[in-house]
**Q** 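Quick one: this structure, given as structure tokens, is what I'll be asking you about.
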There are 2 protein chains.
Amino acid sequence: MREDTRSRIQQIALRLFTEQGYEATSLREIAEELGVTKAALYYHFKTKDDIVASLADDRVAEIEELLEWLRAQPRTPETRRELVVRYAERLDQPRQAELARFLERNQTALREHPKILRMREKMLEVVGELVEPGDPLTTRIRRSLAIFSLHAGMWLTQGVDAGPEERRKATVEVAISLLES
Amino acid sequence: MREDTRSRIQQIALRLFTEQGYEATSLREIAEELGVTKAALYYHFKTKDDIVASLADDRVAEIEELLEWLRAQPRTPETRRELVVRYAERLDQPRQAELARFLERNQTALREHPKILRMREKMLEVVGELVEPGDPLTTRIRRSLAIFSLHAGMWLTQGVDAGPEERRKATVEVAISLLES
DNA sequence: GTCTATATAGAGATAGAC
DNA sequence: GTCTATCTCTATATAGAC
């Protein structure tokens with residue numbers, strides 16, 4: 001039982017956008033990998049932009065879910081640690097990892113996309129929940145960097161002689177240490 | 001006494017590539033801002049790719065200079081701190097800042113560009129000089145993150161009620177703290 | 001060193017048949 | 001839901017005059 005075509009388009013587009021870049025990937029390429037013609041894509045998505053929008057939606061939903069959870073918790077060090085762990089877990093799912101990579105790597109090309117702006121806002125809100133108004137600037141930077149480092153973590157340890165699980169654990173450990181002070 | 005056209009092309013291209021993305025910026029736009037025709041650009045640069053190459057060269061040269069200095073020093077905590085300070089100073093020059101932003105934001109579009117590959121190698125070499133073979137994985141991550149955080153620093157503190165100098169100082173402080181352990 | 005004019009290619013998108 | 005065929009636009013790049 002194969003997946004519906006719409007999902008397959010998203011999946012292939014996501015991979016190609018991530019590998020080659022959004023602008024550098026044509027609808028022809030996507031169609032070819034899917035084994036259909038360009039015109040077929042237009043039945044499922046009104047524009048190329050719509051494909052991006054559908055992808056960004058998934059990521060925004062994930063962040064919003066985390067944000068909702070976060071706001072329902074007391075603002076304690078334990079909550080912040082728990083957020084980092086949850087964030088890392090979500091980011092560890094292959095689909096979310098690829099989505100995040102795509103969105104990071106194509107910031108410029110997508111800079112004015114409404115869905116991307118919304119995602120950026122949501123991320124700022126997450127970081128906002130991690131700090132108090134009176135916190136020093138260095139604390140703000142460190143806490144933001146905690147989230148940021150989860151995205152960078154696997155990249156930073158590439159080429160190191162260690163398994164993915166070990167690398168993941170080390171990344172989370174560093175992120176958590178960035179929450180202190 | 002106006003600058004030579006070649007430099008002006010680089011300058012305008014760098015700004016547009018950074019603002020809009022490499023693929024999204026056409027030679028027509030660059031020529032228009034410069035006040036000449038597309039054809040004139042081709043006198044100064046053989047291809048669009050050549051413009052990128054000339055830009056990347058500047059950045060690679062800067063990193064290589066730092067790397068040379070670094071390799072001439074003893075591998076001590078003091079040297080690492082000094083590197084972070086020097087790196088931050090270089091990154092604080094407007095041209096290097098813009099170059100770095102351009103190269104970061106267009107990683108995907110430029111992923112196979114020889115000059116970009118070279119730059120990535122050089123960055124890995126810098127990080128390599130900051131760690132010892134026996135260091136734990138978390139140390140590796142933290143030290144890499146120190147450099148990384150200098151790039152992210154100003155972005156992470158955007159919207160915060162603090163002057164650029166204060167933000168810069170705080171960023172360097174966090175970066176240096178990441179070197180410990 | 002910059003121009004006009006043009007070649008060539010590929011993009012996103014649509015119409016209408018099946 | 002997918003096809004063929006085609007429109008329109010814009011891109012990189014080049015030739016050759018001035």
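Letters A, B, ... mirror the listed sequences (proteins, then strands); counts begin at 1.
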**Q** Rounded to whole Å, please give me the gap between CD in B:Glu23 and P in C:dG10.
**A**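 Nearest whole value for this atom pair: 14 Å.
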**Q** Check for me whether A:Lys48 meets the cation-pi criterion with A:Tyr22, that is, NZ or CZ under 6.0 Å from the six-membered ring centre and within 45 degrees of the ring axis.
**A**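 Yes, A:Lys48 and A:Tyr22 form such a contact.
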**Q** Which listed nucleotide (C:dG12, D:dT12, D:dT2) is nearest to the side chain of A:Leu27?
**A** C:dG12
**Q** Looking at residues 41-52 of chain A, who's got a heavy atom less than 4.0 Å off DNA chain D?
**A**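 Nucleic-acid contacts, sorted: A:Tyr43, A:His44.
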**Q** Quick check on C:dC3: is either OP1 or OP2 less than 4.0 Å from any side-chain nitrogen or oxygen of B:Thr37?
**A**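 So the side-chain polar atoms of B:Thr37 do come within 4.0 Å of the phosphate oxygens OP1 or OP2 of C:dC3, strictly under.
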**Q** Any donor and acceptor pair, going by atom type alone, linking the side chain of B:Thr25 with main-chain N or O of B:Gly21 inside 3.5 Å?
**A** yes
**Q** Within this structure, what is the CG-to-C1' distance between B:Leu34 and C:dC3, rounded to whole angstrom?
**A** 14 Å
**Q** Shared ILVMFWY cluster between B:Leu156 and A:Leu83, side chains joined below 4.5 angstrom?
**A** no
**Q** So, is B:Arg28 near the phosphate of D:dT10, with a side-chain N or O under 4.0 Å from OP1 or OP2?
**A** no
**Q** In whole angstroms, how far is the P atom of C:dT2 from the CG atom of B:Asp4?
**A**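 In whole Å, C:dT2 P and B:Asp4 CG are 10 Å from each other.
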**Q** Is any side-chain heavy atom of B:Leu103 less than 4.5 Å from a side-chain heavy atom of B:Gln107?
**A**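 B:Leu103 does not reach B:Gln107 side chain to side chain.
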**Q** Nearest 0.5 Å please: distance from the CG atom of B:Leu91 over to the CZ atom of B:Arg168.
**A**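 Result: 9.5 Å between the selected atoms.
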**Q** Please tell me if the side chains of B:Val52 and B:Ile116 come closer than 4.5 Å, counting only heavy atoms from C-beta onward.
**A**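 Yes, at least one pair of side-chain atoms sits under 4.5 Å.
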